[in-house]
Amino acid sequence: MLQSRPWTSESFRDVVASYEGAPDQQSQWVTLLDESHDAYAQCSSLEVARRRGWLLSRLAALPVLDLALPFVQETLQTAHEPYLLAAASLALTRSTQPVSEDGAALLTALTILGARDDAVDLDVWAGLTDDEEATTCLAVALETLSWIAQRVPLDPTLLEYIGSMPALTDAQRDIVYQAIAAQKLRSGLFSDCCSPPLVSRRKFASSSANLQAVRFEDQDQTVRDWSSCLHGRTTVVAFFYTRCENPNKCSLTITRLGHLQKLVADADLCASVRIVAVSYDDSFDTPARLSRYVHDRGFKLDRNNLVLRVTQGGEEVRRYFSNGVNFVGTLVNWHRVELFVLDSRGEVVRNFERRAWTAEQVMHGLQEILAAGAVRHRFWQLTPGAWALLLALLPKCPICGATYLSVTGLAALPLLDDWTRLWPVALGMLLLNVFFLARAARISRRIAPVVVSGLGAVVIVGPGLAYGSSVAMGIGFALVLIGSLLSVFGLSARALPAAWGKLLVPRGH
Amino acid sequence: MASLKTKSGAQPATKKSAQALQRRRAAVRKEALSHALDASRTVAARVKALSVVDVLEDVSVFSDVLDVLLDGETNPLPLRLAALECLQAASFREQQFAPYRRRYIAALRRVCKVSDLGLRSRVIGILVRDGDTRTIDQLLDGLRDPQRGLLPPEKALQLLVDSIHSGVYEVAKTIAATPPNQAARREALRILGGDTESTGYFADLLRNKSEPVEVRQLAATSLNQLAPDRLLAAARDLAMDEAEDTDIRSLGLTALANFGDLSALRSDAALQTSVDQLSAAQAYDGTHLKTAAASFKRLCGA
Amino acid sequence: MKLEFAINNSVDPAARYLTWSPSPLRLRLLDADPTGGPIRVTLTESAAPGGGSIRFSTGPTTAATATLAVDLPSTGASVTVFVRGKYGSPSSADGDVSVVATDAAGQQVAKVPVMVRIRKNANSLTVPERDRFVSAFAKLNNRGSGRFRDFRDMHVDGPASQQAHGGPGFLPWHRAYTLDLERELQAIDPSVALPYWRFDQKAPFVFTRDFMGVPDPLGTVQFSPSNPLQFWSTDGAGGVNRTPRGVDPAVRASPAVANEKATLDLGTDYVDFIGMEGNPHGAAHVSYFGGYISSIPTAAKDPLFFLLHCNVDRLWAKWQQQNGRFDASSSPSYMVRPGGQRFLVGHNLGDSMWPWNGLTTPPRPQTAPGGFLADSPCVSAPGPSPLVRDMLDYGGTVNALAALGFAYDDVQ
C-alpha cells in the first residue's frame with residue numbers, strides 16, 4: 001500500500017474504507033496508525049491529526065480493539081487536539097480488558113478537554129460540526145469515564161479534580177460524581193492483573209556497516225561517530241525536537257530524562273550508563289539551541305550525557321531505531337514517544353514506545369540489563385585473559401608466548417568499557433606483535449607471517465581505528481592471528497633454545 | 001490554611017460596607033448592560049456602557065453580549081467590535097471563562113465570514129492564535145486559491161506565522177516567489193524565517209543591495225535564527241562596508257554587539273577602529289548608525 | 001584605615017543593589033588594633049548628578065537619615081546598620097551613588113558604589129536605561145533559543161493557564177513570573193529593572209521603533225536598525241504581531257481600560273481587588289492591539305506583555321500599600337474559600353506555584369519548564385520554589401527576610 005506521492009485525504013479515506021469487512025481489518029488499520037507510515041508523509045500535522053482521528057473513530061466501530069490499544073492509550077496520554085482525544089476515548093470502550101493505565105490516560109485526556117472542549121461529530125471527517133446541539137469531545141470522554149469507572153481503579157484525587165473543573169455542566173459533573181461513587185462501591189473488586197508491558201518487543205536491525213558513516217554533533221559542536229556515542233556502555237537514547245508544540249511529548253521526554261539522570265546518579269551508575277537525547281530536527285536544532293532546551297528541563301550535559309543532532313546519515317539512524325516519525329518538508333509533522341536502551345555493542349536491548357514512560361520504569365529496566373550484562377561481562381573479560389595465560393604457560397619459545405599474549409590482548413580490548421578510547425594500547429600491542437614476529441622471522445627465515453600480520457595491523461589502524469569500522473577490525477584481527485599462528489608453526493623445536501637466547505641476549509653481544 | 005481567618009469572621013463593619021459597595025457595583029453593571037443593549041441610545045454611549053459590563057457575571061450577561069457580536073442585522077459594527085473586545089478580555093480569566101469557552105469559539109467561527117474585513121480579521125486572528133485547525137486550514141486554502149481567501153494574502157500569512165506545522169512553508173515559498181504585493185512578500189519571508197531550507201536564500205537576500213532595507217532586515221532576523229554564525233560573519237562585513245546603507249550597517253553592528261563573541265569582538269582591531277571612526281564622524285550624528293556604534297562601544301568596546 | 005562593606009549580607013559587588021526597603025550594611029575594620037578603642041566613621045552618600053540617593057538607619061524600622069555615625073569595634077567585629085534608596089530618587093545607572101565612609105577628620109576612608117534599582121515607568125526611562133533593557137531582553141531571548149523560551153512555555157493555554165489565571169492566584173503567579181524574568185535579565189545586566197507600561201496613560205516614548213516598536217497597519221511591528229529587538233523571534237517565527245485597534249497608546253489611553261484610580265477603588269478586600277484581572281488587565285491586553293498580546297497562548301511572545309504585567313503588579317503593590325495588605329495571615333490580603341473549600345491547586349495561599357515547584361502530576365500541567373525561580377545575590381526570598389503566600393510581602397514590610405528585591409518608583 002506504499003505510495004510514492006503524498007496521500008490525499010481522499011486516498012487515505014479510500015484506503016481505510018478498502019479494509020472494511022476484511023478478515024484482517026483491525027490489523028490493517030493498526031498498520032496505518034504507525035507514525036512513520038507513508039500515509040502521513042509530507043502532510044501538515046493538522047492533517048495527520050485528522051487522519052489518525054478518523055482511523056480511531058473507525059476502529060471504535062469494531063467490536064473488539066485490543067491490537068490498537070497502545071495507540072489509543074498514547075493518544076489519550078499525549079494528544080492535545082480535542083477531536084483526537086474524543087476519537088480515542090470512544091475507541092477505548094472497545095477494549096475487552098481495560099487496565100488501570102487506560103483509566104489514567106483517560107483522566108489525563110479529561111484534564112485537557114476541561115480546558116479545550118469543542119463540538120464534535122465523530123461520523124464526519126475531522127469531526128467538524130456547526131450544530132450547537134452536537135455532542136462535545138468532553139462529553140464523549142465522560143461517557144468513557146462512566147464505562148471505565150466500572151472496570152478499573154482510577155486516581156481518586158484526579159477524579160475529584162475533574163469533578164471540580166469549571167468547564168463541566170451540572171449534568172457532566174454528575175457523571176464524574178457517579179464515577180467516584182462507582183469506584184468506592186467496587187473498591188477491592190477490580191482485577192488489574194494484566195497490564196500490557198510498557199516495553200515493546202519488536203525486532204531491531206543489527207548494527208550495520210552503514211551506521212559507520214553516521215555523524216552526530218554534540219553539545220560542544222564536536223563531531224562524533226556512531227560508536228563514540230552509542231558503543232562501549234549501556235546507553236539510553238531518547239528522541240525529541242525543540243520545535244515540538246506538544247508539551248506532553250518532547251518537553252516531557254527531556255524533563256523525564258532529567259529525572260532518569262538523577263536516578264542513575266543516585267544509584268551510582270553514572271560510570272556504567274550513558275544518556276543521549278537525539279533531535280529529529282537536525283537542520284534547525286543547533287548545539288546551542290539543544291543545550292539550552294535540555295538544560296532548562298533539568299537534563300545536565302557532560303561527557304556521558306549528550307544531546308546530539310545528526311549531521312550525516314539521518315535516514316540510517318531512523319531506520320536503525322525504526323523511529324515513529326514523519327515530516328512535512330524538513331519539519332517533523334508527527335512522532336511517537338520513544339526511548340531505547342542499547343547495550344555496550346550498540347544493540348537495542350529494550351525499547352519504550354507509545355505509552356509515556358517514567359524515569360523509574362526505565363531505571364528498573366537499566367538495572368536489569370546491567371545486572372545481566374555484569375555476569376556476561378565478567379565471563380568474557382576473563383576468557384581471553386585465561387586463554388592467553390594458558391597458552392603462555394605451555395612450553396614454547398618466549399617469542400611465541402609474547403605473540404600470543406599481544407594477540408589475545410588485542411582480542412580482549414573490545415570487551416572493555418570505552419575500548420575505542422584505548423587505541424594507544426591497541427597500537428602498542430600491534431607494534432609489539434609485529435616486533436616479535438619480525439624477531440621470529442629472523443630466526444625462521446620465513447617472512448610470510450610478519451607480512452600477513454603487518455597487513456592486519458594496517459587494516460586495524462586504518463579503517464578499523466581511524467574510521468571506527470568493526471568489519472575492518474575483525475578482518476585486521478584475523479590477519480594478525482593468522483600471521484602469528486603461521487609464525488608459531490614455522491618455528492621448529494630445535495629453534496627454541498636459540499630463540500630464548502636471542503630474546504635474552506641483546507643484539508650486538 | 002488553619003491559621004487563616006475566614007472571611008465571615010473578619011472585620012464585620014468593613015465587610016458590611018464592602019458588601020454594600022459590591023451591590024452598588026452590580027447595579028451599575030446591570031444598568032450598563034441595559035444601556036449597551038438599548039438601541040435608542042447612541043452607538044458611542046452603548047460602546048462605552050459595554051466596557052463596564054462583566055460578561056462573566058452570569059450566563060445571561062454572557063449570552064446578551066454574545067448576541068451583540070453575532071447579530072449584525074441590528075447592531076452597528078462598533079458595538080459588535082466592543083462586544084468582541086469585552087468577550088476577549090474575559091477570556092483571559094481562563095478558569096472562570098471555561099464554561100463559556102465552547103460557545104465563544106462557536107460564535108467566532110460563525111462571525112468569521114462577515115463582510116466587514118476588520119471584524120473578520122480580528123475574529124480569524126483569535127481563532128488562529130487559539131489553534132483552531134479549521135480556521136488555519138481555511139486560511140491555507142485561501143492562500144492556495146485566492147478566490148476562496150477569507151483574508152488578503154498578507155494578513156493570512158501574518159496570522160499563519162506561528163502555525164509552522166501546518167505546511168505553511170510550502171505555501172509561503174510559492175508566494176515569496178510570485179508575491180501579489182510587497183506586504184505579502186514580506187510576510188511570506190517572515191514565515192520562511194523558520195524554514196531551514198531557506199537559509200541560503202536569506203544569506204543572499206541580506207547581501208543583496210538592490211533589496212529594500214526592510215527585506216534585508218528581515219533576512220538578517222531569519223538568518224540569525226537559522227544560522228547565527230552566518231549572520232555574524234555577514235554582519236561584520238556589512239558593518240564595515242562604507243558603501244553600504246547606514247541602516248544595514250547599524251543592523252550589522254547591533255547583531256554583533258548583542259549576539260557576537262565578546263572576546264573576539266574586543267580583539268578585532270579593524271572592527272574596533274571602524275566603530276571608533278563611526279562614533280567620531282559628525283556625518284552620522286542623529287542616525288541609527290551612530291546609536292548602534294555607541295551601543296557597540298558600550299557592550300563590546302576594546 | 002581599611003573597611004570591609006557587606007551589603008545585603010555579601011561582600012560581592014553583585015549584591016550592591018538597593019530598593020526602598022532597608023538592606024543590611026555590615027561594616028568592620030580590616031586593620032583593627034585590638035589595643036585601641038572603637039573607631040568612629042560617618043556614613044554618607046556620594047551621588048552623581050541625576051543619580052540615585054540613599055539613606056541610612058541603625059535598624060530596619062528606625063528613621064533613615066542622610067548620614068549615620070557608626071562606632072567600629074577595634075576587635076574587628078562587625079557592626080550592622082541599614083541602607084536603602086531614598087524614595088523618589090532612584091538610580092538611572094549602575095553605581096551612580098556610593099556609600100562613603102569618612103573618619104573623624106572628615107577624610108574619606110572608603111567608598112562603595114551601589115545602585116538604587118527600581119522598576120520605573122517605561123515612558124520615563126532615560127535612553128541608556130531603555131537601551132540596556134532592550135539589549136538584555138534581546139539577549140535573554142537569544143534568537144528564540146535563549147532562556148526566554150521557558151517564559152513562553154510557562155504562559156500557554158490549557159492546564160498551564162489555569163495555574164495562572166481566573167483565580168486568586170492570578171496576581172501572585174504573575175508576580176513570581178515577572179520577578180523570575182527580571183532576575184534573568186539582571187543576570188545579563190544587573191543594572192536593569194523591569195519597567196512598566198502605564199496602560200492608562202499615553203506612552204509616546206514606549207511606542208517608538210527604538211523601544212517596543214511600532215506596528216504597521218497590517219500589525220507587523222517595526223523596529224529601528226539599532227534596536228536589538230529587531231532580531232526577536234519565538235517558536236521558530238521571527239518578529240512580533242501587534243495589530244493596531246484604533247487607539248494608539250503613544251497618543252492616548254483607551255477609555256475601555258480602567259484607570260489607576262478606578263482600579264485602586266475596586267475595594268479594600270482582595271476578593272474585590274482581584275476583579276482587576278478583567279479590567280484593567282484583560283482590557284489592556286485587548287484594547288490597544290490585536291495580535292500576540294491579545295490571546296493567552298501567544299501573549300508572552302510579545303515583549304510588551306511583560307511591561308503590561310509589570311504594571312498589573314504595580315497596581316497590586318500600590319493597592320497593598322494603600323490598604324496595608326502585606327500580611328498573608330490577614331484575610332483581606334488574600335482570599336480563602338468559605339467552608340474549608342479550596343480553590344484550584346496553585347491558587348491557595350499555602351500552595352506552591354507551578355512551574356517553579358517542578359510538580360507535573362495533574363491537575364498541574366505535565367511539564368514544568370524553566371526549573372526553579374532564579375535566585376538573587378541581594379535577597380534570599382522567595383527561594384527556588386515559592387508558595388503563593390511568599391508573593392504578598394514583596395517589600396519585607398511584615399518580615400524583612402521576605403523582601404523579594406524589587407520596588408516601584410511610585411510605591412513607597
Side-chain angles (χ1 to χ4, degrees), chain A residues 77-78 80 82 104-105 107-117 155 157-167 241-256 258-259 262 281 284-300 331 356 358-359, chain C residues 139-167 180 184 233-237 296-298 301 337 341-348 354-372 374 384:
Chain A
Q77 275 179 337
T78 60
H80 55 152
L107 296 190
T108 302
L110 279 164
T111 62
I112 303 289
L113 290 170
R116 290 186 69 84
D117 194 13
D155 177 351
T157 312
L158 197 46
L159 260 184
E160 288 283 351
Y161 163 68
I162 290 166
S164 72
M165 290 194 306
Y241 74 115
T242 66
R243 285 195 282 184
C244 182
E245 289 175 345
N246 185 344
N248 292 345
K249 285 190 172 174
C250 294
S251 183
L252 188 57
T253 289
I254 299 301
T255 304
R256 288 186 169 163
H259 292 167
K262 287 191 192 85
D281 193 2
F284 186 79
D285 282 338
T286 57
R289 188 171 270 130
L290 289 169
S291 302
R292 184 83 244 176
Y293 187 89
V294 302
H295 173 269
D296 291 347
R297 283 154 184 78
F299 180 54
K300 296 184 178 69
L331 183 62
T358 65
Chain C
K139 286 178 179 175
L140 188 67
N141 186 36
N142 192 22
R143 329 159 162 118
S145 62
R147 169 83 166 92
F148 181 74
R149 158 92 192 234
D150 294 328
F151 291 90
R152 275 279 305 116
D153 290 341
M154 291 180 207
H155 199 276
V156 292
D157 61 353
S161 174
Q162 295 196 346
Q163 292 289 303
H165 300 103
D180 197 8
E184 292 291 353
S233 119
T234 49
D235 309 328
I296 284 183
T298 54
K301 288 163 74 73
R337 269 180 116 172
Q341 286 186 299
R342 291 172 60 79
F343 297 106
L344 174 69
V345 65
H347 289 263
N348 303 283
W354 176 93
W356 303 284
N357 57 13
L359 295 179
T360 52
T361 309
R364 306 284 194 174
Q366 287 210 29
T367 57
F372 296 127

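This structure is a prediction, so every number in the text was calculated from the model and none was measured.
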Chain A interface, residue from P159(C), P363(C), G158(C) that has the most non-hydrogen pairs under 4.5 Å: P363(C)

Against chain C, label T111(A) side chain, backbone, both or neither, depending on which of its atoms sit under 4.5 Å from a heavy atom there. both

Cut-off 3.5 Å, side chains only: do S291(A) and H295(A) have a donor facing an acceptor? no

Run the numbers on R337(C) and R342(C) for side chain to side chain contact (heavy atoms under 4.5 Å, CB included), then give the verdict. CA-CA 6 Å; R337(C) 269 180 116 172; R342(C) 291 172 60 79; 5.7 Å; no

Where on D157(C) is there a heavy atom nearer than 4.5 Å to chain A: the side chain, the backbone, both, or neither? side chain

Toward chain C, the part of T157(A) with a non-hydrogen atom under 4.5 Å: neither

Region of L252(A) that comes under 4.5 Å of a non-hydrogen atom in chain C: both

Exam field: side chain R292(A) to backbone R149(C), donor-acceptor pair closer than 3.5 Å: no

Report yes or no: does N348(C) contribute a side-chain atom to a donor-acceptor pair with the main-chain N or O of F343(C) at less than 3.5 Å? yes

Any sub-3.5 Å donor-acceptor pair from Q163(C)'s side-chain atoms to V345(C)'s backbone N or O? yes

Donor-acceptor pair, side chain of N246(A) and main chain of H80(A), under 3.5 angstrom: no

Just do the side chain to side chain contact (heavy atoms under 4.5 Å, CB included) check on F151(C) and D180(C) with the steps written out, would you? CA-CA 9 Å; F151(C) 291 90; D180(C) 197 8; 3.8 Å; yes

At what distance, to the nearest 0.5 angstrom, does CG of D153(C) lie from CG of D235(C)? 7.0 Å

Top contributor to chain C interface from R243(A), M165(A), R289(A) [non-hydrogen pairs under 4.5 Å]: R289(A)

Can you say whether Q77(A) sits under 4.5 Å from chain C via the side chain, the backbone, both, or neither, judging by heavy atoms? backbone

Side chain, backbone, both or neither: which part of C244(A) has a non-hydrogen atom closer than 4.5 Å to chain C? backbone

Q162(C) portion near chain A, given a 4.5 angstrom heavy-atom threshold: side chain

Of the listed residues (T255(A), I162(A), L158(A)), which shares the most heavy-atom pairs with chain C below a 4.5 Å separation? L158(A)

Could you tell me which portion of R297(A) (side chain, backbone, both or neither) has an atom closer than 4.5 angstrom to a non-hydrogen atom of chain C? side chain

